[in-house]
Amino acid sequence: MTMTIKITPSNHPVSDAERAEKLAKPGFGKYYTDHMVVAEWSEAEGWSEAELKAYAPISLDPATMVFHYGQEIFEGLKAYRQPDGGVALFRPEANAARFARSAKRLALPELPIELFIESVDALVREDAGWVPEKIGESLYLRPFMFATEVGLGVRPTNRALYMLIATPAAAYFNSENAVTVWISTEYVRAAPGGTGEAKCGGNYAASLVAQKVAAEQGCDQVVWIDAVERKWVEEMGGMNLYFVKGLGTDATVLTPKLTGTLLPGITRDSILTVASDLGYRVEERMVSVDDWRDGAKSGEITEIFACGTAAVVSPVGTAKSAMGTWVTGDGTPGPITMQIRNTLLGIQHGTVTDTHHWLRKVLQ
Ligand SMILES: *Cc1c(COP(=O)(O)O)cnc(C)c1O
């Protein structure tokens with residue numbers, strides 16, 4: 001099914017010179033492109049025609065439900081410059097499917113997969129000049145949806161707004177410094193039956209106080225452990241975790257199993273395949289904090305990295321917690337971390353063969 005998006009180009013796009021200046025140092029979430037996509041939903045009429053138009057503030061009644069009860073979801077995906085000068089999206093169908101699952105969990109309407117894909121295609125095409133050129137750089141796309149019914153009654157909204165915005169993103173990778181993490185025993189990110197599997201703003205709102213504690217402890221990020229037994233490693237901030245056991249071709253690459261309280265990352269899923277393609281043994285299983293500490297101390301765990309769309313792969317070094325402090329590796333990214341990162345980034349940028357058909361070419 002093809003849905004159509006009404007295209008109303010901005011009458012005040014930034015000049016080529018200003019855009020070039022911004023793209024020279026893109027940062028992340030610092031600049032937004034000239035356009036956005038908007039579609040409205042109501043229980044009575046379903047989805048309206050989506051419109052691509054000039055990026056602009058929106059106006060909402062103070063009693064709009066999202067401000068009071070947090071009924072909101074989002075996604076994050078990237079468009080990458082290709083060697084032929086074209087632009088490709090990485091696995092947008094997977095983001096579309098997860099967006100629909102998040103919507104269901106938050107009692108929001110499911111955006112049709114085709115509309116999600118068409119909206120990202122349209123925005124990337126219109127704002128293609130905003131896709132940076134260098135390897136590791138990208139155009140980050142942020143689809144989101146929230147309750148727009150006006151009223152303070154607590155119930156699923158009968159109106160919602162879908163929006164899509166885009167921001168150029170610098171290459172995040174810091175090859176000198178592995179991330180230092182704080183394993184939080186005080187706070188919980190997600191409990192069985194909760195919203196841990198959904199990509200919703202509320203999960204982040206609830207996590208910020210732990211992030212503050214981590215910073216006070218001199219750490220960059222929080223690592224979450226399970227809510228019930230308080231011993232199983234789940235994920236790190238907004239990223240999934242990987243542990244490498246052993247060395248060279250004998251290494252096993254493993255990641256905590258999806259139990260319903262972890263966010264099922266698309267980068268995580270892609271790395272399961274990439275690591276296996278590279279010849280490593282790959283496992284999804286429960287990893288306890290004790291396994292981590294003992295493995296780091298004995299040297300059995302040789303590398304740890306976190307992964308997600310925004311930063312792709314980030315090495316993890318020191319872990320601090322109420323149970324002590326321990327270090328994995330020497331503070332620099334390990335060889336398998338680097339190999340996986342470079343392979344994935346190569347696929348995304350079209351320099352490594354895309355054997356799994358993960359790229360969606362938007363522009364040639
Ligand atoms: C988005 C997100 C991830 C990573 O998912 P990707 O699809 O790889 O970007 C991991 N954990 C949390 C909590 C997230 O919100």
Side-chain angles (χ1 to χ4, degrees), residues 135-136 171-185 210-211 213-215 217-225 231-257 262 265 267-346:
I135 293 272
Y172 241 42
F173 199 65
N174 185 341
S175 60
E176 270 86 64
N177 295 316
V179 172
T180 296
V181 297
W182 173 250
I183 303 173
S184 181
T185 45
Q211 180 63 45
V213 173
Q217 296 288 339
C219 296
D220 305 303
Q221 290 287 341
V222 182
V223 164
W224 301 103
I225 54 177
K231 63 186 261 199
W232 304 110
V233 177
E234 297 208 318
E235 52 185 313
M236 179 192 97
M239 301 175 83
N240 295 109
L241 282 168
Y242 267 90
F243 297 81
V244 178
K245 281 189 163 183
L247 293 165
T249 48
D250 281 338
T252 298
V253 173
L254 66 97
T255 190
K257 194 165 114 176
L262 281 75
T267 317
R268 173 191 179 280
D269 183 71
S270 305
I271 289 174
L272 286 173
T273 302
V274 165
S276 165
D277 288 350
L278 290 169
Y280 299 110
R281 210 166 23 244
V282 172
E283 285 179 16
E284 293 178 85
R285 65 175 172 83
M286 309 290 278
V287 180
S288 69
V289 175
D290 287 345
D291 292 339
W292 181 352
R293 183 185 50 216
D294 297 348
K297 287 190 172 164
S298 73
E300 194 192 357
I301 296 177
T302 48
E303 303 177 30
I304 304 179
F305 62 88
C307 65
T309 297
V312 190
V313 164
S314 288
V316 175
T318 301
K320 282 190 180 184
S321 72
M323 296 80 77
T325 296
W326 58 90
V327 185
T328 305
D330 63 0
T332 64
I336 295 176
T337 301
M338 285 310 287
Q339 185 191 23
I340 289 172
R341 173 187 179 268
N342 292 340
T343 306
L344 187 57
L345 213 53

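Please read these numbers as outputs of a predicted model, since none were measured by experiment.
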Novice: Could you report the tightest heavy-atom contact between A214 and W182, atom names first, then the distance?
Specialist: CB-CB, 3.6 Å
Novice: Let me see the working for K231 and V289 under side chain to side chain contact (heavy atoms under 4.5 Å, CB included), right down to the final yes or no.
Specialist: CA-CA 6 Å; K231 63 186 261 199; V289 175; 5.6 Å; no
Novice: About how many Å separate OG of S270 and CG of D277, when rounded to the nearest 0.5 Å?
Specialist: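 It is 11.0 Å, given to the nearest 0.5 Å.
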Novice: May I have the step-by-step check of side chain to side chain contact (heavy atoms under 4.5 Å, CB included) for L272 and Y242, ending in yes or no?
Specialist: CA-CA 10 Å; L272 286 173; Y242 267 90; 3.3 Å; yes
Novice: Which value, rounded to the nearest 0.5 Å, describes the distance between K257 atom NZ and E284 atom CD?
Specialist: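 It is 9.0 Å, given to the nearest 0.5 Å.
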Novice: May I have the step-by-step check of side chain to side chain contact (heavy atoms under 4.5 Å, CB included) for Q221 and V316, ending in yes or no?
Specialist: CA-CA 10 Å; Q221 290 287 341; V316 175; over 6 Å; no
Novice: Between V181 and C219, does a side chain to side chain contact (heavy atoms under 4.5 Å, CB included) hold up when you go through it step by step?
Specialist: CA-CA 5 Å; V181 297; C219 296; 5.7 Å; no
Novice: Would you mind telling me which of V233, V222, V223 makes a side-chain contact (heavy atoms from CB on, under 4.5 Å) with I183?
Specialist: V223
Novice: Rounded to the nearest 0.5 Å, what separation is found between the CD1 atom of I336 and the OG1 atom of T249?
Specialist: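 With rounding to 0.5 Å, CD1 (I336) is 8.5 Å from OG1 (T249).
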Novice: With under 30° as parallel and over 60° as perpendicular, where do the rings of W326 and W292 fit, or are they tilted in between?
Specialist: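 Rings of W326 and W292: perpendicular, as their planes differ by over 60°.
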Novice: Determine whether a donor-acceptor pair (N or O, by modelled atom type, separation under 3.5 Å) exists between the side chain of T328 and the backbone of E303.
Specialist: no
Novice: Which distance, rounded to the nearest 0.5 Å, do you find between the CD1 of I225 and the CH2 of W232?
Specialist: 11.5 Å
Novice: Determine whether a donor-acceptor pair (N or O, by modelled atom type, separation under 3.5 Å) exists between the side chain of T255 and the backbone of L241.
Specialist: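 Confirmed, T255 side chain pairs with L241 backbone.
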Novice: Within the structure provided, determine whether F305 and V244 are in side-chain contact (heavy-atom separation under 4.5 Å).
Specialist: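 Of all side-chain heavy-atom pairs linking V244 with F305, at least one is under 4.5 Å.
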Novice: For the residue pair D290 / S288, report whether a side-chain donor-acceptor contact shorter than 3.5 Å exists.
Specialist: no
Novice: As a test of understanding, state which of L254, T302, D291 forms a side-chain contact (heavy atoms from CB on, under 4.5 Å) with K245.
Specialist: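 Testing K245 for a side-chain contact (heavy atoms from CB on, under 4.5 Å) against L254, T302, D291 leaves exactly one candidate, L254.
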Novice: Quick check against the 3.5 Å criterion: does R268 have a side-chain atom that pairs as donor or acceptor with the backbone of P256?
Specialist: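 Yes, because the side chain of R268 sits within donor-acceptor range (under 3.5 Å) of the backbone of P256.
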Novice: Can you check whether Q217's main-chain N or O pairs, donor with acceptor, with K320's side chain at less than 3.5 Å?
Specialist: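 Side chain of K320 to backbone of Q217: a pair is present.
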Novice: Looking only at non-hydrogen atoms, find the nearest pair between T318 and T325 and report the distance.
Specialist: CG2-CG2, 3.8 Å
Novice: How many angstroms lie between CZ in R341 and OG in S314, if you round to the nearest 0.5 Å?
Specialist: 9.0 Å
Novice: Taking all non-hydrogen atoms of both residues, which atom of G308 and which atom of M239 are closest, and how far apart?
Specialist: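 That would be N-CE, 3.7 Å.
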Novice: Distance-only, no hydrogens or angles: does the D220 side chain make a donor-acceptor pair with backbone N or O of T180 under 3.5 Å?
Specialist: yes
Novice: So how far is it from S184 OG to E234 CD, rounded to the nearest 0.5 Å?
Specialist: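 So the gap between those two atoms works out to 12.0 Å.
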